[in-house]
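Here's the structure we're looking at; comments come further down.
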Amino acid sequence: APGEGDEAPVKKAPRPESRTLNVEGTEIFETFTNDAPDDAPIVVAIHGRGDTPAAFSALYKRYGGKVHVLSPRAYDPFGEGFSWFSLREGLTDAELGDNVRAAMTKLHASVAKVVAGKKYVVTGFSQGAILSYAFAAQYPNELRCALPVAGSLPGPLLPKPKEKAAKTRAFHGEADDVIASKWGKATVDTFAREGGDATLKTYPGLGHRFNPELMTDYFAALDECVGK
């Protein structure tokens, strides 16, 4: 009879809700939003100082779109979470630039291995925003766009004349007393001056955090980045 002896189709094991990858010395927490397909647009979501990948990537449970979230864990324990680089008082711009570059370079090697040539969104909060700006400036051709929240870029990592950063949609509270919004503005202004498609939206009275208005604007920008 037709089909006799055919092997039954192999059932694919269900994809875990989340899993942790270990890639080139970086732990990466992986999730998919809203049953996104395996080939969904990739979002590299970088947490801030003292946070964890699982906590930061929970933010995307509120997102209506379908994306593949990769949230790397910073390298140094800090409080109940982790830190990407030292931010001690009295650090010069050059020293901070060196610290950020070291973290960026190590993280980029891991991200590049996982994304395997696919373009991706890079985003983050605070230290994660600093690294998002750094990726936009240093690896512009790899990105769909960058979405930094409450960050800025040290001078040594800013684009040089006529170096075009990746498309950037940035967000910053005007009452931020950790990283002043004027530094975010200076970063975005430099990106735009050198030919990049870069904008910053600021929020009166908002400190170093998200609020509902920022979240709405942020998710709209993410929709734009992934072509929704």
Side-chain angles (χ1 to χ4, degrees), residues 28-48 51 53 56-72 104 107-108 110-153 157-159 163-173 181 184-185 187-192 194-203 209-228:
I28 298 176
F29 186 76
E30 178 185 57
T31 54
F32 290 80
T33 64
N34 303 306
D35 292 320
D38 289 350
D39 62 353
I42 296 167
V43 176
V44 175
I46 310 172
H47 69 75
D51 203 359
F56 187 58
S57 56
L59 185 76
Y60 298 93
K61 289 180 177 168
R62 296 185 237 168
Y63 178 56
K66 294 178 185 286
V67 290
H68 176 189
V69 180
L70 297 171
S71 190
M104 174 196 76
L107 177 58
H108 176 256
S110 302
V111 168
K113 190 92 180 257
V114 179
V115 302
K118 285 184 189 162
K119 289 206 165 191
Y120 55 96
V121 176
V122 68
T123 184
F125 173 73
S126 193
Q127 284 197 350
I130 292 172
L131 285 165
S132 298
Y133 277 126
F135 269 62
Q138 303 297 314
Y139 310 112
N141 298 329
E142 297 180 18
L143 303 186
R144 288 172 177 261
C145 70
L147 303 175
V149 181
S152 64
L153 202 52
L157 290 171
L158 286 168
E163 280 183 1
K164 193 171 164 183
K167 176 178 173 178
T168 299
R169 298 288 177 263
F171 308 89
H172 214 132
S181 62
K185 183 176 185 309
T187 301
V188 169
D189 286 351
T190 302
F191 280 18
E194 303 308 339
D197 174 5
T199 62
L200 171 69
K201 182 151 191 201
T202 62
Y203 300 84
R209 57 187 178 85
F210 287 81
N211 71 0
E213 187 190 352
L214 190 156
M215 288 295 309
T216 299
D217 294 339
Y218 174 84
F219 285 149
L222 182 53
D223 280 345
E224 182 194 345
C225 278
V226 300
K228 194 179 167 192

Going through the distances and angles, do His68 and Tyr120 end up as a side-chain contact (heavy atoms from CB on, under 4.5 Å)?
-> CA-CA 10 Å; His68 176 189; Tyr120 55 96; over 6 Å; no
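- Checking side-chain atoms of Ser181 against main-chain N and O of His172 turns up no donor-acceptor pair under 3.5 Å.
- Using a 4.5 Å heavy-atom cutoff, the side chains of Pro159 and Lys164 are not in contact.
- With a 4.5 Å cut-off on side-chain heavy atoms, Phe29 and Val69 do not count as touching.
- Ionic pairing of Asp197 and Arg169 is present here: one or more N-O contacts between side-chain nitrogen and carboxylate oxygen are shorter than 4.0 angstrom.
- By the 4.5 Å heavy-atom criterion applied to side chains, Glu194 and Leu158 are not counted as neighbours.
- Side-chain contact, His108 with Gln138: no donor N or O sits under 3.5 Å from an acceptor N or O.
- Side-chain contact between Phe191 and Leu153 is present, with heavy atoms from C-beta onward closer than 4.5 Å.
- Within 6.0 Å of atom NZ in Lys119, more than 12 heavy atoms from other residues, nucleotides or ligands are found, so the atom counts as buried in its surroundings.
- For the pair Pro140 and Ala166, the tightest heavy-atom approach, listed with the atom from each and the gap, is CB-N, 3.5 Å.
- Counting only N and O atoms by type, the side chains of Tyr63 and Asn34 include no donor and acceptor under 3.5 Å apart.
- For the pair Leu131 and Gln127, the minimum side-chain heavy-atom distance is 4.5 Å or more.
- Pairing each heavy atom of Lys201 with each of Asp217, the nearest pair is NZ-OD2, 3.0 Å.
- Atom CE in Met104 sits 6.0 Å away from atom CG in Leu157 (nearest 0.5 Å).
- A side chain to side chain contact (heavy atoms under 4.5 Å, CB included) with Val67 is found for exactly one of Thr33, Ile42, Val121, namely Thr33.
- Between Tyr218 and Phe210, the ring-plane angle classifies as perpendicular under the 30° and 60° cut-offs.
- Taking every heavy atom of both residues into account, Ala137 and Ala165 meet most closely at CA-CB, 4.2 Å.
- Listed here is the closest heavy atom pair of Leu214 and Asn211: N-OD1, 2.8 Å.
- Residues Pro148 and Thr168 meet the side-chain proximity criterion, which asks for heavy atoms closer than 4.5 Å.
- Put simply, NZ on Lys61 and OG1 on Thr31 are 8.0 Å apart, with the number rounded to the nearest 0.5 Å.
- For the pair Phe135/Leu107, a side-chain contact is recorded, criterion being any heavy-atom separation below 4.5 Å from C-beta on.
- Between atom CZ of residue Arg209 and atom OH of residue Tyr203 there is a gap of 12.5 Å, rounded to the nearest 0.5 Å.
- Side-chain contact between Val111 and Leu70 is absent, with no heavy atoms from C-beta onward closer than 4.5 Å.
- Side-chain N or O atoms of Thr123 include one that pairs as donor or acceptor with a backbone N or O of Leu147 at under 3.5 Å.
- The line from CD1 of Ile28 to OG of Ser57 is 12.0 Å long, rounded to the nearest 0.5 Å.
- Ser71 and Tyr60 share no side-chain donor-acceptor pair at under 3.5 Å.
- For Ala36 against Lys66, the heavy-atom pair with the smallest separation is CB-CB, 3.6 Å.
- The two atoms that bring Val188 and Ala170 nearest to each other are CG2-CB, 3.9 Å, heavy atoms only.
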